[in-house]
Protein chains: 2
Amino acid sequence: MASKDRILRLKDDTRNNILAASIDIVKEEGWQALSMRKIADKIEYTAPIIYEYFANKDAILNELTRQGYVKLGNLMQQAISEHSDPAQQLEAMWLAYWNFAFAEKELYQVMYGVEVNCCAMQNMCPDIQKPMNMLWDKIEEIIPADKRTEEYVDTKYYTCWSVVHGLISINMTRKLTSDEMNKQVLKDAIGGIIASMK
Amino acid sequence: MASKDRILRLKDDTRNNILAASIDIVKEEGWQALSMRKIADKIEYTAPIIYEYFANKDAILNELTRQGYVKLGNLMQQAISEHSDPAQQLEAMWLAYWNFAFAEKELYQVMYGVEVNCCAMQNMCPDIQKPMNMLWDKIEEIIPADKRTEEYVDTKYYTCWSVVHGLISINMTRKLTSDEMNKQVLKDAIGGIIASMK
DNA sequence: TAAATAATCTAACACTGTTAAGCAAAGGTA
DNA sequence: TACCTTTGCTTAACAGTGTTAGATTATTTA
């Protein structure tokens, strides 16, 4: 019965191949160029077999989105482990978020809908919520107990997120700002918000 | 020769009809649903005649984008006229930006590529640059002369823009935050940045 | 070896943006 | 009035898209 396992492993392989082929195509030609037939070509099959692994094209994008959040979560975990002071940890987490957005540009695009049309963030699965929760918890930790209401944490969380995501979006759609200025804006804004929490 | 004028006016009418039909469709069914044949149906023609008025689909989106920037510019102008203090003017301008994004959600989406795929911001025509320039100039005005370098103004400009655009993007892709909190975040962040300029 | 099952492909549907060819009505000219 | 040319518009088509049904081939099981 070990052959069953081998076959299952092979099926898993082609599933991964589909996902890998997809990001390859996106990296080469952008999200708009991603088509079922192109994916099939790349994995040396015909288009219909993809539907044995994914319900439809959106399901592929959803899985890539999920994987993106997993990666982001891991990077944040690592950022935390490299500092002991909560404020420094939070800053490192946002920096990790920032770096992830450009290191995995294509994933960030599908995760946060910058220049992508698809998949309107339907299923809020745990993987997707994790990075958000990590940031939220860390902010909660920094805020002194007497100010620590859910609303206050929410406000600070969304303020930080807005700055970072906004700056990333702007950088991705048009590229005018210099790298030094990005770092400056990021440090200024995030630093200011973090300082205002205490 | 007045009949020539009438005919030209009619041509202008259908051009406008094409644009109006386009936003109508987008408002009803979203950007993804916008197709040449649907536009044609709405203006009671067949698809190919659209190409007598616009080079291709992207050209339609570009024109809508341009019109969006014109509207935004006018709203900002109005915001300025309603205050005398530069800091208050700037705050009103950002508020106008914010309100525009939700009053003309579809336009904002095509202007800033939130959940849209098309038209990668190719031709930076004056109409498009105007709102940016208005904000930039106002920020320059607020910053005291001894700090007023181009880089410093740039930094403050992008910081503000990032917060606002980020918050808008987040609100448009997922809607979790409450209206009151949005205003709070906006006022907090923008207010803070403006205060830090002086 | 024969039957049953799994794996894969071909063909098709309805849609997309876009172009070329053709028809029909209007305009100008003799 | 007759012809010609231009304009306005349509039909038909091409190549591409996501997706499904049916047929075909290969593999496993009895």
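Reminder, nothing fancy here: chain letters follow the sequence lines and each chain counts from 1.
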| message | For B:A47 and A:T46, find the nucleotide of DNA chain C closest to each by heavy atoms; which residue's nucleotide sits nearer the 5' end? | response | A:T46
| said: What is the separation between atom CG on A:D58 and atom C1' on D:dG18, rounded to the nearest whole Å? | reply: 10 Å
| request: Send over the distance from B:I49 CD1 to D:dT11 P, rounded to a whole Å. | output: 13 Å
| task | Would you kindly give the CD-to-C1' distance between B:E52 and D:dT10, to the nearest whole Å? | result | 11 Å
| task | Starting at atom NZ of B:K57, determine the distance to atom P of D:dG16, rounded to an integer number of angstrom. | result | 18 Å
| message | So that I can tick it off, tell me whether B:E29 and B:K38 are bridged by a salt bridge, with the cut-off set at under 4.0 angstrom between side-chain N and carboxylate O. | response | yes
| request: Using a 4.0 Å heavy-atom cut-off across all strands, classify B:I39 as base, sugar-phosphate, or nothing. | output: nothing
| query | Is the gap between the ring centers of B:Y45 and B:Y53 under 6.0 Å? | reply | no
| task | Identify which nucleotide among C:dG17, C:dC9, D:dT19 has an atom closest to any side-chain atom of B:M36, counting heavy atoms from C-beta outward. | result | C:dG17
| said: What's A:S35 touching, base or sugar-phosphate or nothing? Going by heavy atoms closer than 4.0 Å. | reply: sugar-phosphate
| said: From CG of A:N17 over to P of C:dA7, roughly how many Å is that when rounded to an integer? | reply: 16 Å
| side-chain hydrogen bond (donor to acceptor under 3.5 Å, both in side chains) partners for A:E141, two or more places apart | A:K138
| said: Categorize B:Y51 for me: base, sugar-phosphate, or nothing, with a 4.0 angstrom heavy-atom threshold over every strand shown. | reply: base
| A:E29 has an atom CD; how far is it from atom P of D:dG16, in whole Å? | 13 Å
| said: Base, sugar-phosphate or nothing for B:I50? Non-hydrogen atoms, less than 4.0 Å. | reply: nothing
| field | Backbone of A:I143 reached by a side-chain donor or acceptor of A:R148 within 3.5 Å | value | yes
| query | What does the inter-axis angle of the helix from C:dT1-D:dA30 to C:dA30-D:dT1 come out as, five pairs per end, nearest 10 degrees? | reply | 30°
| query | Is the shortest side-chain N to carboxylate O distance from A:R15 to A:E63 below 4.0 Å? | reply | yes
| query | Starting at CD1 of A:I60 and ending at C1' of D:dT17, how long is that distance when rounded to a whole Å? | reply | 14 Å
| Check: C:dG17 base within 3.5 Å donor-acceptor of B:R37 side chain | yes
| Whole-Å distance between C:dT16 P and B:W31 CH2? | 16 Å
| Which side-chain hydrogen bond (donor to acceptor under 3.5 Å, both in side chains) pairs, counting each pair once, include a residue from residues 18-28 of chain B, with sequence neighbours left out? | B:E28-B:K42
| field | Residue A:P48, side-chain heavy atoms: nucleotide from D:dT10, C:dC9, D:dG18 that is nearest | value | C:dC9
| field | Closest non-hydrogen atom pair, B:A101 against B:Y108 | value | CB-CD1, 3.6 Å
